[in-house]
Number of protein chains: 2
Amino acid sequence: MPERTELRLTPQRGAVLEVLKAADDHPTAAEVYERVRVAAPGIGSATVYRALALLVSTGHALELSLGDGTAARYDANTSRHDHAVCERCGRAVDIDQPVPDGMVAEIARRSGFTITGYDLQFRGLCPECQSGGAGQGPGRRQ
Amino acid sequence: MPERTELRLTPQRGAVLEVLKAADDHPTAAEVYERVRVAAPGIGSATVYRALALLVSTGHALELSLGDGTAARYDANTSRHDHAVCERCGRAVDIDQPVPDGMVAEIARRSGFTITGYDLQFRGLCPECQSGGAGQGPGRRQ
DNA sequence: CGTGATACTGATACTCGTTCTCAACGATTG
DNA sequence: CAATCGTTGAGAACGAGTATCAGTATCACG
C-alpha cells in the first residue's frame, strides 16, 4: 500500500467530515457514528471508522488519545494544540499553549531521543463541574 | 465501597508487585501476567488485573496511557514523571523534567479549569532506533 | 452504451484488552 | 470446628476497533 492512487469523496465520507466540522466537542468514533446516521441513515460503523482513518491520514482530522483509557476522539481542528479533559464529565477543551521549545530540546538532549512531537493532556475540573454539583470525583492515574 | 477495610498481601499480589519493581521497562498488563506466571504458575489474568488496579489505587504503582492507542502500561516508580515513547519499537523511558508551573497556571486561567495534573508523552525515536536500521517508520497521530 | 477494473460499502465475524460473574478456596475470628 | 468474608481462577461477557467478503457504484475506455 504505497500511495493512495485515487480517493473518492463519497456521500458517507462527506457526512463524516461534516459531522466532524460541525462538532465543537471532541466526539469518539461511536459518537460520530451516531450523528452521521442522521444524515446517512444506512451507514455502517466500519465505514465510519474507515472514513475517520482516512481523514486522519490525509490530514483533515486529528485523532486524540486523551490518556484516560477511553476511546479515541476526533477533532477537525488540525493545527497543533493540546487538551484539558474534565475528570468528572469527560469534556475536552482545546489548549493552544505549546510546551516551550527549550524544554523539548533539553529532554531530547538528556534522553538521546529524537523528539518528533508530544501529546499533552491536562486533567482537572471544567468550570461547570467545579460549581455544578458535589458528586463524587472518580480520580484516575498519577 | 467507601474505604478499603482490609487488604491482604497475598502471594499473587506480592508476585505482581515484585515483577513491577524488578521491571525497568514499562510492562503492559499482559507482560506483567507473563512474567508473574514464572513466580506464581497458576495465576489467572483476572487476578493480575485486579492486583494492578489495587496497586494503582493504593499508590504503589502508576498506570500509564502512553497515548499510542495500545494497552495501558504500569510503572512502580510512583513519583511524578513523564515518558518518551519510541515510535518504532514502542519502548518508553522516563522523563523527569516537569512542565513549568507558570504554564500550568496560565492554562488554568485561560480555560477556567481547575488543573489537577497532566499527562505528557513525547514521541520520537530512541537512540537504538535512530542508528539501528532504516526500516519503515509507521507515523501516528498529529 | 457495454465492459471490465477497481474503489467503496454494509453486514458480520473476529481480535484484543479488560472487566464481570461465580463457585471454590483460604484465612481469620469466635 | 463453624461462620464469615476477602480472594482466587476460569471463563463468559464486554467494548472498541479491524478484517473479511460479497455486492454496489464509479470510472476509463472502446
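Computation of the quantities below employed the complete heavy-atom set of this structure, encompassing side-chain atoms and omitting hydrogens, waters and symmetry-equivalent molecules. The structure presented is a predicted model; accordingly, all values stated were derived computationally and were not measured. A, B, ... follow the sequence lines: proteins, then strands. Residue 1 opens every chain.
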What pairs of residues pass the ring-ring contact (aromatic ring centres under 6.0 Å, His included) test when at least one of them lies in residues 7-40 of chain A, not counting sequence neighbours?
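Output for this query lists A/His26-A/His83.
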
Side chain of B/Ala71 only, heavy atoms from C-beta on: which candidate in D/dG17, C/dA7, C/dT18 is closest?
C/dT18

Separation of atom [atom1] in [X] from atom [atom2] in [N], rounded to whole Å:
X       : N      : atom1 : atom2 : answer
A/Leu9  : D/dC27 : CG    : C1'   : 16 Å
B/Glu63 : C/dG17 : CD    : C1'   : 12 Å
A/Arg73 : D/dG17 : CZ    : C1'   : 16 Å
A/Leu54 : C/dC8  : CG    : C1'   : 11 Å

For side-chain contact (heavy atoms from CB on, under 4.5 Å), just list the numbers for B/Phe113 and B/Ile107, CA-CA rounded to whole Å, side-chain angles, deciding distance to a tenth of an Å, and then say yes or no.
CA-CA 8 Å; B/Phe113 269 59; B/Ile107 283 164; over 6 Å; no

Which residues pass the side chain to side chain contact (heavy atoms under 4.5 Å, CB included) test with A/Glu106, sequence neighbours left out?
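In terms of side chain to side chain contact (heavy atoms under 4.5 Å, CB included), with neighbours along the sequence ignored, A/Glu106 is linked to A/Arg109, A/Arg110, B/Gln97.
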
In chain order, what residues pass the side chain to side chain contact (heavy atoms under 4.5 Å, CB included) check against B/Thr28, with sequence neighbours excluded?
B/Ala30, B/Glu31, B/Ala71, B/Arg73

Is B/Ala30 touching bases, backbone alone, or none of the nucleic acid, heavy atoms closer than 4.0 Å?
nothing

DNA chain D contacts among residues 17-28 of chain B, heavy-atom distance under 4.0 Å:
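Per residue number, the list is empty: none.
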
Is the phosphate of D/dT18, meaning OP1 or OP2, less than 4.0 Å from a side-chain N or O of A/Tyr49?
no

Sort and list the pairs that fulfil salt bridge (Lys or Arg N to Asp or Glu O under 4.0 Å) and have at least one residue in residues 33-58 of chain A, not counting sequence neighbours.
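Qualifying pairs: A/Asp25-A/Arg35.
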
Detail all sub-3.5 Å separations between protein N/O atoms and N/O atoms belonging to nucleotides 9-11 of chain C.
residue	atom	partner	partner atom	Å
C/dT9	OP1	A/Thr10	OG1	2.5
C/dT9	OP1	A/Gln12	OE1	3.2
C/dT9	O3'	A/Gln12	NE2	3.1
C/dG10	OP1	A/Gln12	NE2	3.4
C/dG10	OP2	A/Gly44	N	3.4
C/dG10	OP2	A/Thr47	OG1	2.4
C/dG10	N7	A/Arg50	NH2	2.7
C/dG10	O6	A/Arg50	NH1	3.2

Determine, stepwise, if the pair B/His81 / B/Ile95 fulfils side-chain contact (heavy atoms from CB on, under 4.5 Å).
CA-CA 6 Å; B/His81 65 284; B/Ile95 299 291; over 6 Å; no

Side chain B/Arg13, main chain B/Arg8, donor-acceptor under 3.5 Å
yes

May I ask you to check whether A/Thr114 and B/Gln130 show a side-chain donor-acceptor distance below 3.5 Å?
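Yes - a donor-acceptor pair under 3.5 Å links their side chains.
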
